[in-house]
Amino acid sequence: MNGILVSDSITLLPDHQVGVFMQTEPPVVAPRSPKPETDKTDVAEVASWGDQNDFPQQIITLAEKSTELPALLDWKARALQGREVKAFQPVYDSVEKKWVDQEINDIEIKEFLNHRTFKRYMREAANDFFWFWNVFPELIKNVAGDKIVYLGTQDASFCRWGKMNDKGLIKNCYVSSNWPIARIEDKTTIEFKVIDPYSFNAVDDLRESKTNQVIYPISYPSPGKSYYQLSAWDGFRTSGWAEIAAEIPKFKKAIMQFQVTIKYMICIPLNYWPARYPDWEKLNEDEKNDKRKEKLNEINSTLAGTANAGKSIMVDVGVDREGRELPGWKIIPIEDKLKEGAYLEDSQEASQHLMRALAVDPTLVGNGPGRGKDAGSGSDKRIAFNIYVALQQPYRDVILEPLYFIAEYNGWQKKYPGINFKFEELQLETLDKSHTTAKPVTN
């Protein structure tokens, strides 16, 4: 029986109870810093987000193939938002002999924080933050120009920075839903001026500017990136686990459709082909596919027949300049779980890698697909949740940075020295401490 083509990268060899996974496409190209070696977008004024200036679009496409990634990113975004944001001012408690935060009862500030546009900002900013690690908040002044009356966001996937000037400053942000084919001269491309968040005079500069709408750039730092920061979970993509996770459903469907029992999976890494065929990069796609078919036939003939029983497959595994082993062929034994409905253990392994990359405790969101396992007790969930919330402060500082800028611009900081913004949320409690399982706290 010939091989069964499951997808471009997976073929089943039913006679030998073997599946072959050949990585056929390179991973999504990560953003370079400070700029790509070659400008493939043909837009000299725009800093490319990825080699083809479509990195966010590729991330979205990758996530849309996952049953877990979008949901987990949404969970993290909701956890980051808490219940609401309130303004506080430090006051001295003469009885307790210490400074305490007291909520500010100012109608202007309360209306701003309770307005639907600010709540929308929190939702969209938290979402963009975890998807892309970059947020593009938009600030709008009133007609008089003495107050900032609006804080919102431009969709991060639609935004591109203009290239730095000779002083290393980004002056412009270009917004379009048509990247990577968009051009800054297109009627659908919107240009915004950009605030320099590192400038001590940023507030005064904006007051003196005739520009009413600006972008205030915020992001969480990642090493070596100047224009676009790289999310902490990106290793799930570059390691190949995202691709593996996307192929598992196709593999399982083929097993069910053809009633094939697979005992081994042979994984051939992407770097094998140029190492095996020196002219690999010069071949067109049809020629590359012919080489892959030749390799598949070689595997098939090696395993076929009683004369080949007990034979082994030998492949070379190299090391890089630092002595680390390069990815080589892997032959993975797979238990026959057809009757139990598990089919493939890798689904749970991929899920665990994803939760590790996202720093999400499985007790909070469930233990992922695959074999059912205990996801933790109620106490485990309570402690894990409270720990998770306690670690959100650095991220919340990023999301709230434009609000502190507004407080300075609008005079709130001068009116209420030491003004600070905190999140109110629920902290899980045990029943022996309260008649309810949660109480509101501010962080």
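For this chain, numbers begin at 1 and follow the sequence in order.
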Inset, instruction - Hey, could you give me the CD1/OG distance between I190 and S177, rounded to the nearest 0.5 Å? - result: 9.0 Å
Inset, instruction - Determine the minimum heavy-atom distance between Y227 and M164, stating which atoms define it. - result: OH-N, 2.9 Å
Legend entry - D128 CG to D155 CG distance, which is reported to the nearest 0.5 Å: 5.5 Å
Inset, instruction - Would you check if the side chain of S209 reaches a backbone N or O of D205 as a donor-acceptor pair within less than 3.5 Å? - result: no
Legend entry - K187 side, atom NZ; T189 side, atom OG1 - distance, nearest 0.5 Å: 12.5 Å
Legend entry - Distance in Å, S157 OG paired with I59 CD1, rounded so as to fall on 0.5 Å steps: 11.5 Å
Inset, instruction - Report the C-alpha distance between V389 and F423 in whole Å, list the side-chain angles of each, state the deciding distance to 0.1 Å, and finish with yes or no for side chain to side chain contact (heavy atoms under 4.5 Å, CB included). - result: CA-CA 10 Å; V389 168; F423 288 75; over 6 Å; no
Inset, instruction - For the residue pair K141 and I148, establish whether any side-chain heavy-atom pair is separated by less than 4.5 Å. - result: yes
Inset, instruction - Evaluate the side-chain proximity of F405 to P197: yes if any heavy-atom separation is below 4.5 Å, no if none is. - result: no
Legend entry - Flag, side chain of Y174 to backbone of R183, donor-acceptor distance under 3.5 Å: no
Legend entry - Validation row: L62, L69 side chains within 4.5 angstrom (heavy atoms): yes
Inset, instruction - Check the surroundings of atom NZ in K119: do more than 12 heavy atoms from other residues, nucleotides or ligands lie under 6.0 Å from it? - result: yes
Legend entry - Minimum heavy-atom distance between I195 and P217, given as atom pair plus value: O-CD, 3.3 Å
Inset, instruction - Give, for atom NZ of K422 and atom CG of L400, the distance between the pair rounded to the nearest 0.5 Å. - result: 12.0 Å
Legend entry - R160 bridged to E45 by N-O distance under 4.0 Å: no
Legend entry - Polar contact flag, side-chain donor to acceptor under 3.5 angstrom, T188-D186: no
Inset, instruction - Look at the rings of W133 and F130 and say which category their plane angle falls in: under 30° parallel, 30 to 60° tilted, over 60° perpendicular. - result: tilted
Inset, instruction - Kindly indicate whether the side chain of L151, heavy atoms from C-beta on, has any atom under 4.5 Å from the side chain of L139. - result: yes
Legend entry - Beyond-backbone contact of S231 with F129, side-chain heavy atoms, under 4.5 angstrom: no
Legend entry - Heavy-atom closest contact (N134 atom, A156 atom, distance): O-CB, 3.7 Å
Inset, instruction - Would you indicate whether the side-chain heavy atoms of Q393 and D397 approach each other to under 4.5 Å? - result: yes
Inset, instruction - Would you kindly say whether K282 and Y277 are connected by a side-chain donor-acceptor distance under 3.5 Å? - result: no
Inset, instruction - Begin with the C-alpha distance, continue with both residues' side-chain angles, and end with the deciding distance and a verdict on side chain to side chain contact (heavy atoms under 4.5 Å, CB included) for K76 and W233. - result: CA-CA 12 Å; K76 288 175 69 70; W233 64 265; over 6 Å; no
Inset, instruction - Evaluate ring-ring contact (aromatic ring centres under 6.0 Å, His included) for F55 paired with Y228, printing each intermediate quantity in order. - result: CA-CA 10 Å; F55 182 73; Y228 310 101; 9.0 Å; no
Inset, instruction - Side-chain contact test, heavy atoms from C-beta onward, threshold under 4.5 Å: evaluate it for R382 versus N386 and give yes or no. - result: yes
Inset, instruction - Compare every heavy atom of Q229 with every heavy atom of K225, then report the nearest pair and how far apart it is. - result: O-NE2, 3.2 Å
Legend entry - N165 side chain vs L169 backbone, donor-acceptor pair below 3.5 Å: yes
Inset, instruction - Give a yes or no answer on whether the side chain of E408 reaches the backbone of Y404 with a donor-acceptor pair at less than 3.5 Å. - result: no
Inset, instruction - Kindly compute the distance separating CD (Q81) from CD (E124), expressed to the nearest 0.5 Å. - result: 10.0 Å
Inset, instruction - Please step through salt bridge (Lys or Arg N to Asp or Glu O under 4.0 Å) for the pair R237 and D234, ending with a clear verdict. - result: CA-CA 5 Å; R237 174 187 63 83; D234 195 67; 2.6 Å; yes
Inset, instruction - Could you tell me whether a side-chain N or O of W179 sits under 3.5 Å from a main-chain N or O of F158, the two making a donor and an acceptor? - result: yes
Inset, instruction - Could you tell me whether W161 and F192 have their ring centroids closer than 6.0 angstrom? - result: no
Legend entry - Side-chain (E64) to main-chain (T61) donor-acceptor, under 3.5 angstrom: no
Inset, instruction - Run the numbers on K171 and V194 for side chain to side chain contact (heavy atoms under 4.5 Å, CB included), then give the verdict. - result: CA-CA 5 Å; K171 292 292 188 178; V194 178; 5.9 Å; no
Inset, instruction - Examine the side chains of Y216 and E401 and answer whether a donor and an acceptor come within less than 3.5 Å of each other. - result: yes
Inset, instruction - Grab the two heavy atoms, one from R396 and one from L80, that are nearest each other, plus how far apart they are. - result: NE-O, 2.9 Å
Inset, instruction - Tell me, yes or no, whether the heavy-atom count around R120 atom CZ, taken from other residues, nucleotides or ligands under 6.0 Å, exceeds 12. - result: no
Legend entry - Contact summary for N172 and K193, nearest pair of heavy atoms: OD1-NZ, 3.3 Å
Inset, instruction - Test W280 against K291 for side chain to side chain contact (heavy atoms under 4.5 Å, CB included), laying out the working first. - result: CA-CA 9 Å; W280 180 257; K291 296 294 185 183; 3.8 Å; yes
Legend entry - F421 side chain reached by L113 side chain, heavy atoms, under 4.5 Å: yes
